Amino acid sequence: MFHFSGYYEDQIVSSLTLSTDHYNARIDDVATSPAYQKLGFATTLIHEAILFARQRQIKDCFLEASDEGLGVYQRLGFKKLFTQRYYEPVHDSS
């Protein structure tokens, strides 16, 4: 497991986690401080994480995206594999 951080003026403003095995990588916990969003920090970190994985001969990289983040990841070359839905049981109030 590897952690990547993006800095601006000696302050961490963006981060992500990259998990790897011998064949695959997974990116998790991509986050950027609100004041620094939409400035390319997360995009740069994702590029660096993918490069890091490729240098280790890993060809496939996966991540889980919210609906809001999906467009960003698709612009970076990620393809949607499936849609995960969450369900909650209906409680009988009688």
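Worth saying up front: this structure is predicted, and the values here are computed from it rather than measured.
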What donor-acceptor contacts under 3.5 angstrom involve side-chain atoms of residues 46-55, with partners at least two apart or in another chain?
none

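- With a 4.5 Å cut-off on side-chain heavy atoms, E64 and R26 count as touching.
- Looking at heavy atoms from C-beta onward, Y23 lies out of side-chain contact with D60 at the 4.5 angstrom threshold.
- With sequence neighbours excluded, no residue forms a salt bridge (charged side-chain N to carboxylate O under 4.0 Å, His left out) with D29.
- Using a 30° and 60° split on the angle between ring planes, Y8 and F41 fall in the perpendicular class, above 60°.
- Cluster membership check: V72 shares its hydrophobic cluster with F4, using side-chain heavy-atom separations under 4.5 Å among Ile, Leu, Val, Met, Phe, Trp and Tyr.
- Applying the side-chain contact (heavy atoms from CB on, under 4.5 Å) rule to H3 yields the partners S5, S15, T17; only residues at least two apart in sequence or on another chain are considered.
- Counting heavy atoms from C-beta outward, V30 and D28 have side chains that stay 4.5 Å or more apart.
- F78 places a side-chain heavy atom less than 4.5 Å from the side chain of L63.
- Between the CG atom in L18 and the CZ atom in F2 there is a gap of 7.0 Å [rounded to 0.5 Å].
- Side chains of F62 and I27 form no contact here, defined as non-hydrogen atoms less than 4.5 Å apart.
- Interatomic distance, CD of Q74 versus NZ of K79, reported as 11.0 Å (0.5 Å rounding).
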